[in-house]
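See below for the structure under consideration.
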2 protein chains.
Amino acid sequence: MSAQSAKHMIAKNIGVLGAGQLGRMLALAGYPLGNTFTFLDTTGNPSAGIGEVIVDPENQHLAAFLDKVDVVTYEFEHLPVELVKQIEQHKPVYPGSRAIAVCQNRVEEKTLFDRLGIPTPAYRVVESAEQLAAAAAELGCPVVAKSVTEGYDGKGQAVLKAPEQAQEAWDSIGHTQLIVEAFVDFVREVSMIAVRGRDGEVVFYPMAENQHVGGILRYSVAPLPDLDPSVQQTADSYIRALLDELDYVGVLALELFQTRDGSLLANEMAPRVHNSGHWTMDGAATSQFENHLRAVQGLPLGATNAIAPTCMVNVIGLEGDNAALLAIADTHLHRYDKAERPGRKLAHVNVVASSHAELLEKVRACQALIPDAPPVEWSFESTL
Amino acid sequence: MSAQSAKHMIAKNIGVLGAGQLGRMLALAGYPLGNTFTFLDTTGNPSAGIGEVIVDPENQHLAAFLDKVDVVTYEFEHLPVELVKQIEQHKPVYPGSRAIAVCQNRVEEKTLFDRLGIPTPAYRVVESAEQLAAAAAELGCPVVAKSVTEGYDGKGQAVLKAPEQAQEAWDSIGHTQLIVEAFVDFVREVSMIAVRGRDGEVVFYPMAENQHVGGILRYSVAPLPDLDPSVQQTADSYIRALLDELDYVGVLALELFQTRDGSLLANEMAPRVHNSGHWTMDGAATSQFENHLRAVQGLPLGATNAIAPTCMVNVIGLEGDNAALLAIADTHLHRYDKAERPGRKLAHVNVVASSHAELLEKVRACQALIPDAPPVEWSFESTL
């Protein structure tokens, strides 16, 4: 191979564990880089709709998958760690198994936050209904109890309004170890998306404000017009500490609470491209998907600056009036090719505007066109 | 079907005649709209690398193709008009057969420009070497002689420095009808990309300046810092006249010369997404590809404003140093998954910057990383 050829050799076929909308959007970002995609779907119900999908509910085709791919990444972190370690014996996996192990276990995650000096809400680890009651009393109700493993999108959680609800909560969650967290009097939920390259280079996106309803993300807006630069810097330093500690490669998402005094408390992290980063597809110089792919194949990372005020609006359960949505100036539709079903993420709309006030107006117009979209609420609305 | 469902029904499967990089980029823009793609390739050498490709060099599979698709478009206008008319009997084709008929015949094209009051360089139609010699003398050499049909990317053309070269030029082109054009003392080559929806809505992109070498586009830059708004308005009015006259649906590209006094002379048009519009993928609110797809399926058109000064750099024949290209801030690589071959368009790089001066610096850095890339020359360079 000539030196010239070597220079433009980049990992060609990307293996993705999982075949849902995150994988789909990775592929759409990767074709322009010259990549092709092979998805390994273990659900029997893939929706990527692009690339090659190996449907493997019986776990029989891993070897065939690995034969095809140059590097492996994933769109879903609730994978058996042993499986990921096994894959690492054959092909590079980014982010690595250690990131998965930490992110799928709330105790390990909190312990890492503590060790790196990243503040979190007060919490306790409990292993019985009695310990849960004691923790609830000590932390002060309400508290939220969460299973240590397998939590996803609000499943395996219970809110206790009084210690007396401990037995009921314990039984409803049905796990042997729970983490109990004090409620935080937060002003807003925010998230950081950052990317680390194979060479240790780190880039940060502007912090987004997120609005969840029933545990499901509905809106993300970025950049934040009222954000003190020192708060962004603090968030950058938190996520950089995590990335470096885990020798992480790819996109990491960190969800935080911002309190009245401006300080940040880490909630949880996800070792993958993240719904709260979808605004970057139309609102940032380089999308989180492209940057994840640049990272996993050892390419330089792309610019992360916001282009303009942008809001991501999720479409859940039922499709919106797509033609009317596209009639709103500078809106961009991202459909996932999935059938309607209650609670299912079907699409998102990115709305771009020249000011946050104009953005709010346009997002409200979108809200009216999307079934069951909740009223948008921004913490900084009164300042616009 | 409920009213709600009807509202979000949009054409699902897009049929594309041709399966090269333009089709590939259409597909990448269309998946987010919920589209799927079927390509009909008659060359036996498709490169789209995405969607379903029907390879049909013997023209046997048109019916199967039409069965699969809801609407038909194309990435290449040198199609038999009779074929397009035949397809129109079965499925909507956008842009329609009349646009193809006009665009693939230089006499029809010039006649339409004349009729709509769109200025062109002086020209003559000739049907013998003798007529060619007379036209060359009348127009004043040098002149360029072009075959009336099947011209593409500089093929079927000859430059005459004196009327005495008429016989040689006539023989080398080998067609029965030629168009002979006077040379224009132009300051720059520019192009307009506009889009017309099914309902007659028209949107215009900012004019781009193009640099060709050997008949192949190498650079397009937009928006133009020195462009008098009245010139953009004139160009808008020219292309709108063409779009309305042809009852056109989709993207139309119009290449023009701008002379020293600022006036515009139409050179030629292409009834499709166009290389000189690739800058819109990273430099405009909505890409030409997305807007073409919005148009052909009857959706509202997207915003066409430029986000920032942007330059498209073509990669021809040999790949560049892709990692080094991506290390330049806010550059975006678009590879076509094609093998290296002299003269072949393999990829383009979109470079985005906060000023035209910064853009020029970054484009020069790209140029050094792309084999055989010519020095970039912008007409407005001295004003930066």
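Values below: all heavy atoms of this structure, side chains included; hydrogens, waters and symmetry mates excluded. Nothing here was measured: the structure is a model prediction, and the numbers come from that model. Throughout, a chain's letter reflects where its sequence line sits, starting with A, and its residues are numbered from 1.
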As a test of understanding, state which of A:N350, A:L28, A:L333 forms a side chain to side chain contact (heavy atoms under 4.5 Å, CB included) with B:P32.
A:L28
Scored by heavy-atom pairs under 4.5 Å with chain A, the best of B:A303, B:A285, B:G51, B:A327 is B:A285
Name the option with the most non-hydrogen atom pairs under 4.5 Å to chain A; the candidates are B:A324, B:G302, B:P300, B:G298.
B:P300
What part of A:L301 is in contact with chain B, defined as an atom under 4.5 angstrom from a non-hydrogen atom: side chain, backbone, both or neither?
backbone
With a 4.5 Å cut-off on heavy-atom pairs, point out which of B:R294, B:H334, B:E290 contacts chain A the most.
B:R294
Are A:L33 and B:L326 packed together at the side-chain level, in the sense that at least one heavy-atom pair is separated by less than 4.5 angstrom?
yes
B:R24, B:M25, B:R335 screened by side chain to side chain contact (heavy atoms under 4.5 Å, CB included) with A:Y31, the one that passes:
B:R24
Between A:I307 and chain B, which part of the residue has a heavy atom less than 4.5 Å away: side chain, backbone, both or neither?
side chain
Taking atom NZ of A:K338 as the centre, report whether more than 12 heavy atoms of other residues, nucleotides or ligands fall under 6.0 Å from it.
yes
Most heavy-atom pairs under 4.5 angstrom with chain B, which of A:T286, A:T36, A:I50?
A:I50
